[in-house]
Amino acid sequence: MNPIVIPRGRKTLKHPLDHTPTTLKNLATQTKPLDFPRAFAKYLTFSLSIPFFMPFTPAHVTPFLAATLAFCLFLHHIMPNKFPVSLSFRDKIVIGINLVGSYAFSHYTVLLLEKSGNFVSVSGWSDVPYYEYPLFFFWVVMDEVFFFLIHRFAHKKHVYNHILYSHKMHHKFKDTSAWTSFYAHPVDHQFAVLGAALATPVAMTYVGFQLTVPIVTLFMLGAIITFTASHHTVIGPIENRSYGSDHLTHHQKFTVNYGNFAYFEKLAGTYVGEKFKTFKNAERKWQ
């Protein structure tokens, strides 16, 4: 099938199966109602796990994260209208290796936090110091900066297909799913996804900051579930085309949307999508 083409000077999209020209802005408006159903599994995971099952001691952190991630993947797997992404047996083996690796990474991160002597157990949310809540958002910002820089570096020609890193593996799928978020070279996944997220809170404990278990666990949960959900896609308004987050555009265009959120991306000049009405080359999202 021929790719979608936008003639120079015109913001008009014409799909081979639909002979009615549609502006990119209108196309974005048509897909807006899909945003909540697409992210429903993520919202449900957060709403059930945080108030009812959040751990308050280090021993329960890794089992909680594993169970919550499994529940999130299950919800994404059974979501209606999901875009079909077929996985070979080899694909499933790679995904399984990275799921086990994620568990091990989380486990040893908790051990590292405990070793610092500044990873504090509490009896409930009321015992979490008020100053730790802003730290959560600081960690989100730092994760975004690290992930963006590492991810953009991974697209350098000498790194992209290197045997020891090979970010190219993760880009096997142009149409993604929650499962394919874990299809990657193990070093790439551990370093760019998990390492970038957890580097700041771990470093803070080793320079003297006392951090409570639930606030760190909340951040770890948010990081992995958001990354997983960013790969979930549904069937869009155009036949045989997937619709997803801005990260889907990255998988199909490669040179845009390196980060998790559009705000830092916009500052870097690499954002393409509806959030900032930046539609240059956005037709590639539907290829």
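By convention here, the first residue in the shown sequence is residue 1. All values below come from the heavy atoms of this structure, side chains included, with hydrogens, waters and symmetry mates left out.
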> Do you know the tightest heavy-atom contact between H60 and P55?
Replying inline: CB-CB, 3.6 Å
> Got a second to check how far I95's CD1 is from R90's CZ, nearest 0.5 Å?
Replying inline: 10.5 Å
> side chain to side chain contact (heavy atoms under 4.5 Å, CB included) between T233 and Y243: does it pass, once the steps are laid out?
Replying inline: CA-CA 5 Å; T233 56; Y243 172 70; over 6 Å; no
>> Under the criterion side chain to side chain contact (heavy atoms under 4.5 Å, CB included), I'd like the reasoning laid out for C72 against L75: C-alpha separation, chi angles, the key distance, then a yes or no.
In response: CA-CA 5 Å; C72 183; L75 288 178; 5.8 Å; no
> Any chance the rings of H162 and H158 have centres within less than 6.0 Å?
Replying inline: no
>> Any side-chain to backbone donor/acceptor pair from S121 onto T57? Under 3.5 Å, distance only.
In response: no
> Do the rings of H170 and H251 sit parallel, tilted or perpendicular, given the 30° and 60° boundaries?
Replying inline: perpendicular
>> For K172, is the NZ atom crowded, meaning more than 12 foreign heavy atoms sit under 6.0 Å from it?
In response: yes
> Are L111 and Y206 joined in one hydrophobic group, where the rule is that I, L, V, M, F, W and Y side chains link up if heavy atoms are under 4.5 Å apart?
Replying inline: no
>> For a 4.5 angstrom cut-off between non-hydrogen side-chain atoms, does V216 reach V110?
In response: no
> Any link between F136 and V207 through a network of hydrophobic side chains (Ile, Leu, Val, Met, Phe, Trp, Tyr) touching at under 4.5 Å?
Replying inline: yes
>> List the residues meeting side chain to side chain donor-acceptor pair (under 3.5 Å) with T212, not counting sequence neighbours, and say none if there are none.
In response: E132
>> Between H231 (side chain only) and F227 (backbone N and O only), is there a donor and an acceptor less than 3.5 Å apart?
In response: yes
> Do F191 and Y165 come close enough that some side-chain heavy atom pair is under 4.5 Å?
Replying inline: yes
> Would you find a donor on one side and an acceptor on the other, under 3.5 Å apart, between the side chain of H167 and the backbone of H155?
Replying inline: no
> What heavy-atom pair brings D175 and V85 nearest, and what distance separates the two atoms?
Replying inline: O-CG2, 3.5 Å
>> Between F56 and V61, is there a side-chain heavy-atom distance shorter than 4.5 Å?
In response: no
> Is it true that a side-chain atom of H185 and a backbone atom of S166 form a donor plus acceptor pair closer than 3.5 Å?
Replying inline: no
> If every non-hydrogen atom of H247 is compared with every non-hydrogen atom of S230, which pair is closest and at what distance?
Replying inline: CB-O, 3.9 Å
> Once you round to the nearest 0.5 Å, how far does CE of M54 lie from OG of S49?
Replying inline: 6.0 Å
> Are the aromatic ring centres of H171 and F254 under 6.0 angstrom apart?
Replying inline: yes
> Between N257 and T249, is there a donor-acceptor pair closer than 3.5 Å when you use the side chain of the first and the backbone of the second?
Replying inline: no
> Should L211 and M142 be counted in the same cluster of Ile, Leu, Val, Met, Phe, Trp and Tyr side chains packed under 4.5 Å apart?
Replying inline: yes
>> Centroid separation under 6.0 Å, is that true for the rings of F147 and H151?
In response: yes
>> Taking F137 as the starting point, is it possible to reach F146 by hopping between hydrophobic residues whose side chains are less than 4.5 Å apart?
In response: yes
> With distance as the sole criterion, is a donor-acceptor pair present between the side chains of D246 and Y271 under 3.5 Å?
Replying inline: yes
> Roughly how far, to the nearest 0.5 Å, is CG of L44 from OG of S47?
Replying inline: 4.5 Å
> Heavy-atom distance under 4.5 Å between the side chains of H232 and F83, does that happen here?
Replying inline: no
>> Given 3.5 Å as the limit, does a donor-acceptor pair link the side chain of Q190 with the main chain of F105, or not?
In response: no
> Is the number of heavy atoms from other residues, nucleotides or ligands under 6.0 Å of F74 CZ greater than 12?
Replying inline: no
>> Can you confirm whether more than 12 heavy atoms, excluding those of F209, are under 6.0 Å from its CZ atom?
In response: no
>> Determine whether a donor-acceptor pair (N or O, by modelled atom type, separation under 3.5 Å) exists between the side chain of Y183 and the backbone of K92.
In response: no
> At their closest point, which heavy atom of N98 faces which heavy atom of A184, and how far apart are they?
Replying inline: ND2-O, 2.8 Å
> Hey, does K82 have a side-chain heavy atom less than 4.5 Å from the side chain of S177?
Replying inline: no
> Does some side-chain heavy atom of D143 sit less than 4.5 Å from a side-chain heavy atom of N260?
Replying inline: yes
>> Would the distance check show the side chain of S181 and the main-chain N or O of A178 forming a donor-acceptor pair, the cut-off being under 3.5 Å?
In response: yes
> For the atom pair CD1 (I215) and CE (M220), what is the distance rounded to the nearest 0.5 Å?
Replying inline: 13.5 Å
> To the nearest 0.5 Å, what is the distance between CD1 (I224) and CZ (F219)?
Replying inline: 11.0 Å
>> Can you confirm whether Y108 is buried at OH, in the sense that more than 12 heavy atoms of other residues, nucleotides or ligands lie under 6.0 Å from that atom?
In response: no
> Should we say atom CZ of F64 is surrounded by more than 12 heavy atoms from elsewhere, each under 6.0 Å from it?
Replying inline: yes
> In terms of hydrophobic clusters joined by side-chain contacts under 4.5 Å, are F53 and Y103 together?
Replying inline: no
>> Donor-acceptor check, side chain of N118 to backbone of T205, threshold 3.5 angstrom: yes or no?
In response: yes
>> Apply side chain to side chain contact (heavy atoms under 4.5 Å, CB included) to residues Y258 and L149 and explain how you reach the verdict.
In response: CA-CA 8 Å; Y258 294 99; L149 294 175; over 6 Å; no
>> For a 4.5 angstrom cut-off between non-hydrogen side-chain atoms, does V213 reach V120?
In response: no
>> Strictly distance-based, threshold 3.5 Å: is any side-chain N or O of D127 a donor or acceptor partner for the main-chain N or O of S123?
In response: yes
>> side chain to side chain contact (heavy atoms under 4.5 Å, CB included) for L87 and T180? Distances and angles first, verdict last.
In response: CA-CA 9 Å; L87 299 172; T180 67; 3.9 Å; yes
> Tell me, do F173 and D91 make a side-chain contact under 4.5 Å, heavy atoms counted?
Replying inline: yes
> Closest heavy-atom contact between P214 and V128?
Replying inline: CG-CG2, 3.6 Å
> At what distance, to the nearest 0.5 angstrom, does OG1 of T45 lie from CD1 of I50?
Replying inline: 9.5 Å
> Which atom pair, heavy atoms only, marks the closest approach of I150 to A192?
Replying inline: CG2-CB, 3.7 Å
